[in-house]
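Below, read A as the first sequence line, B as the second, and so on, with proteins coming before strands; counting in each chain starts at 1.
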There are 2 protein chains.
Amino acid sequence: MSKRAAQNHKASAIPKGSRATGRVTIIDVAAEAGVSPMTVSRALKTPALVQEQSRERIMAAIDKLGYVPNQAAATLASARSQVIAVLVPSLTNAVFIETLSGIRDYLAEAGYQFLIGETGYARDKEEQLISTYLAHAPAGFLLSSSEQHEILQSRPASRAIPAVRMFDLGRSNEDFSVGFSQTKAGYAVARHLAERGYKRPAFIAAQLDPRMMKRREGFRKGLQDAGIQSAVEVLLPLPTTVDMGAQLLRRVLDANPDCDAVFCCNDDLALGALFECQRRGIAVPGRMAIAGFNDLSWAACATPSITTVVTPRYDIGYKSARMLISQLRGEDIPKGRLDLGFELAVREST
Amino acid sequence: MSKRAAQNHKASAIPKGSRATGRVTIIDVAAEAGVSPMTVSRALKTPALVQEQSRERIMAAIDKLGYVPNQAAATLASARSQVIAVLVPSLTNAVFIETLSGIRDYLAEAGYQFLIGETGYARDKEEQLISTYLAHAPAGFLLSSSEQHEILQSRPASRAIPAVRMFDLGRSNEDFSVGFSQTKAGYAVARHLAERGYKRPAFIAAQLDPRMMKRREGFRKGLQDAGIQSAVEVLLPLPTTVDMGAQLLRRVLDANPDCDAVFCCNDDLALGALFECQRRGIAVPGRMAIAGFNDLSWAACATPSITTVVTPRYDIGYKSARMLISQLRGEDIPKGRLDLGFELAVREST
DNA sequence: CTGAAAGCGCTTACAG
DNA sequence: CTGAAAGCGCTTACAG
């Protein structure tokens, strides 16, 4: 009997007025294989507990009937889904997209799906999305902020939903986090500029969030330790765009024409700053050095190539997902921070 | 009684060995409000069918108990979920990210969630993901390829899952599609270069997919209609990156030093081509004109600013989602293509 | 406008 | 290694 015939046969047996969906269920598979539905369920979830012979007949029946498991039923019965809720600050930023790629790659291997929420860099929005996603009974959360969320904390231990924080390192070892030190990265840029002999470096940032502030903090500290003074800092609480980089550089030059270097808190701003220098005929790095953050695709091949901080964003996604799934599987992994570090790529622009 | 007390009270009533999750259900809400569970369900889904007084008591009970609907149960009972499966070619391409933003914005308004799959520009992979996602009983699909998928076609009408194709316009009015004509866009670029007097324009492309081929086809036709000949075409079936734009431009110049313009099939390539020209001291547009595609953030503020095709990618997402939800709601919308058009942004680089 | 009954397709918790 | 029974939390399909 062909797959289609099997389905038609089943369909024709549906009593009138019933709610049958015509869908092939675990019961059909069981009947076809001559076992109970429970054995089919086991063959799928814990094959080791099923005799090989039964397993083979079940697999054959699944193929023959075209059985597709109903996730909603599994979720309802087991009170746990195969869905991970992922909250990122922005979907229009290549950084987070690469993190999502890492997450997707690990979760796909592990057999999980994910839902993506965008927090707009706002803590409140993150908490609100967590509430919403709770309705989907997610197996776990991957979060972007370093904040604690009461809504997750307050659940009874038996129904606790594990979470891993990405990008920042947690303050303590009280929970799970995967990232790198934003402060140290900012510090490293400052030291590099100081070593190259720049005397009046500026700092520009947009899309101000706690991570940007940490980069700034590290940058300030680095300059201070090198005994030099920041020319000027220009921060705007607006979205990060390439054009914003050009605007911010103009403000820097207006405020302090002596400025000889600029640390842009991300590569989009750095690209805009470079274009602005080109437009004005300002030699880079001759009269103005430019450093960025993240190592997006253009940094290495711009003219001149742009010095930047290489961040492990794909790995942050992949390893956060891995850490989360380990918890879900009840593996005994220690709480705490996973510091993936960063690297300073020194290029022509400084 | 506080929320916590209410939950504890319930928890303490759980018989030993039962499967109770401790979760607040529609039954608890019904008891609290003094109505039947069915009325609670109606108050949530079709409030118009419930007396205002009952509705108010139900809402108060929901607040008091902290009720969160269980989607899995709703999906199982109704055989339809509130999840839309979205398949895009790539998650590392800003174009599709903006499309996803449009989708998300519409779906969020409409109360739907979405799952994202990445097809890697491969038709086979798209079909495979459709199979996988079918297990989640998605309410609908938003697809990226212009192909028909047997797996969706072959379902019985009663269980058909609606789909909308994005980016390309369908060949006929046999199904739903939202996009613009890739061919016409390529044609427009060719006519523009011809009008500006360029004599030997080249075409470069990577990540070859059917849409790139349509842009090329239109470009060729446009040159032909203008009575000029393409200098050279360089196509590589590798991922699109900024650096790839530089590489492709080198190949163009090696193959044909006379070339005086280049149509890059996307803005990443155009940016790389611009950097390569800067590196070699080739004046843009003086000795080499550059045109891109999509109008990504850097196109308008590069030095020189880059002529490109402005594509309605956010709208494609938003309106595809709207078209899909209209179908799901049983609204009577005509099948067919929704052509959102495109615009040529003429800038300094040509 | 409201409700009692049955069922969606799985998995849990037992019992062999 | 296997199975019968019960239940997860909703919605459908009726019947008032």
Side-chain angles (χ1 to χ4, degrees), chain A residues 10 14-31 33-58 62 65 67-82 134-137 139 158-159, chain B residues 10 14-31 33-58 62 65 67-82 134-137 139 158-159:
Chain A
K10 176 158 199 259
I14 297 173
K16 287 190 180 85
S18 103
R19 294 174 59 189
T21 57
R23 161 161 206 166
V24 177
T25 73
I26 210 172
I27 295 175
D28 304 316
V29 173
V35 296
S36 74
M38 203 43 238
T39 304
V40 176
S41 177
R42 284 196 192 94
L44 260 19
K45 300 291 165 194
T46 49
L49 300 182
V50 176
Q51 198 173 276
E52 191 178 330
Q53 206 184 40
S54 312
R55 222 162 53 213
E56 280 166 7
R57 270 184 293 133
I58 289 166
I62 286 173
L65 303 180
Y67 170 71
V68 179
N70 182 325
Q71 297 273 7
T75 299
L76 179 59
S78 68
R80 66 187 60 236
S81 73
Q82 295 284 95
L134 248 20
H136 292 262
S158 64
R159 301 201 300 126
Chain B
K10 175 157 201 260
I14 297 173
K16 288 191 179 82
S18 104
R19 294 173 59 189
T21 58
R23 163 162 203 162
V24 177
T25 73
I26 210 172
I27 295 176
D28 304 316
V29 174
V35 296
S36 75
M38 204 43 239
T39 303
V40 176
S41 176
R42 284 198 191 93
L44 260 19
K45 301 290 164 192
T46 49
L49 299 182
V50 176
Q51 197 174 276
E52 192 178 330
Q53 205 183 42
S54 313
R55 223 162 51 213
E56 280 166 7
R57 269 184 293 132
I58 289 166
I62 286 174
L65 303 180
Y67 170 70
V68 180
N70 182 325
Q71 297 272 6
T75 300
L76 180 60
S78 68
R80 64 186 60 237
S81 72
Q82 294 285 95
L134 249 19
H136 292 262
S158 64
R159 300 203 300 127

For [X] and [N], give me the distance from atom [atom1] to atom [atom2], rounded to whole Å.
| X | N | atom1 | atom2 | value |
| --- | --- | --- | --- | --- |
| A:Ile58 | D:dT2 | CD1 | P | 8 Å |
| B:Gln53 | C:dC1 | CD | P | 12 Å |
| A:Ile27 | C:dG7 | CD1 | C1' | 11 Å |
| A:Leu76 | D:dC8 | CG | P | 9 Å |
| A:Asn70 | C:dG9 | CG | C1' | 6 Å |
| B:Ile26 | D:dC8 | CD1 | P | 14 Å |
| B:Arg55 | C:dC1 | CZ | P | 9 Å |
| A:Arg80 | D:dG9 | CZ | P | 14 Å |

Test: side chain to side chain donor-acceptor pair (under 3.5 Å). Region: residues 33-50 of chain A. Which pairs qualify, not counting sequence neighbours?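 Every pair satisfying side chain to side chain donor-acceptor pair (under 3.5 Å) with a residue in residues 33-50 of chain A: A:Ser36-A:Thr39.
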
Of all residues at least two apart in sequence or in a different chain, which pass the side-chain hydrogen bond (donor to acceptor under 3.5 Å, both in side chains) check with A:Ser54?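 Testing A:Ser54 for side-chain hydrogen bond (donor to acceptor under 3.5 Å, both in side chains), a comparison that skips the adjacent residues, returns none.
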
Where do A:Ala43 and A:Val50 come nearest, in terms of heavy atoms and distance?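 Looking at all heavy atoms of both residues, the closest pair is N-CG2, 3.6 Å.
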
Listed partners of B:Ala33 passing side chain to side chain contact (heavy atoms under 4.5 Å, CB included), at least two apart: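 Checked B:Ala33 against side chain to side chain contact (heavy atoms under 4.5 Å, CB included); matches are B:Val35, B:Arg57, B:Ile58, B:Ala61.
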
Please identify each residue that fulfils side chain to side chain contact (heavy atoms under 4.5 Å, CB included) with B:Ala74, with sequence neighbours left out.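 Residues passing side chain to side chain contact (heavy atoms under 4.5 Å, CB included) with B:Ala74: none at all.
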
B:Ser36 vs C:dG3: side-chain N/O to OP1/OP2 distance below 4.0 Å: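 Yes, such a contact exists.
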
If only side-chain N and O atoms of B:Ser54 are considered, is one of them under 4.0 Å from the OP1 or OP2 phosphate oxygen of C:dT2?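 B:Ser54 to C:dT2 OP1/OP2: side-chain N or O found under 4.0 Å.
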
If I take atom OH from residue B:Tyr67 and atom CD1 from residue B:Ile27, how far apart are they, to the nearest 0.5 angstrom?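 Here the rounded value is 10.0 Å.
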
When rounded to the nearest 0.5 angstrom, what is the spacing between CZ in A:Arg55 and CG in A:Leu44?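 Going from the CZ atom of A:Arg55 to the CG atom of A:Leu44 covers 11.5 Å.
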
Using a 4.0 Å heavy-atom cut-off, does A:Ala74 contact any base of the nucleic acid, only the sugar-phosphate backbone, or nothing at all?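 If one applies the 4.0 Å heavy-atom cut-off, A:Ala74 turns out to touch the sugar-phosphate alone, with no base involved.
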
If you assign B:Ala73 and B:Pro37 each to the DNA chain C nucleotide with the nearest heavy atom, which residue ends up on the more 5' nucleotide?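 Nearest nucleotide further toward 5': that of B:Pro37.
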
Of all of residues 39-52 of chain B, which get a heavy atom below 4.0 angstrom from DNA chain C, listed by number?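 Of all residues in residues 39-52 of chain B, the ones placing a heavy atom under 4.0 Å from DNA chain C are B:Thr39, B:Arg42, B:Ala48, B:Leu49, B:Val50, B:Gln51.
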
Quick one: does [X]'s side chain get under 4.5 Å of [Y]'s, heavy atoms only?
| X | Y | answer |
| --- | --- | --- |
| B:Ile62 | B:Val24 | no |
| B:Arg23 | B:Val68 | yes |
| A:Asn70 | A:Ile26 | no |

For DNA chain D, what are the stems built from at least three Watson-Crick or G-U pairs in a row, each pair having both distances below 3.5 Å?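 Ordered by first number, the stems with DNA chain D (at least 3 consecutive pairs each) read C:1-3 with D:14-16, C:5-12 with D:5-12, C:14-16 with D:1-3.
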
Select one nucleotide: of [options], the one nearest the side-chain heavy atoms of [X].
| X | options | result |
| --- | --- | --- |
| B:Tyr67 | D:dC10, C:dG3, C:dC10 | D:dC10 |
| A:Met38 | D:dG7, D:dG3, D:dT11 | D:dG3 |
| B:Ser78 | C:dC10, D:dT12, C:dT12 | D:dT12 |

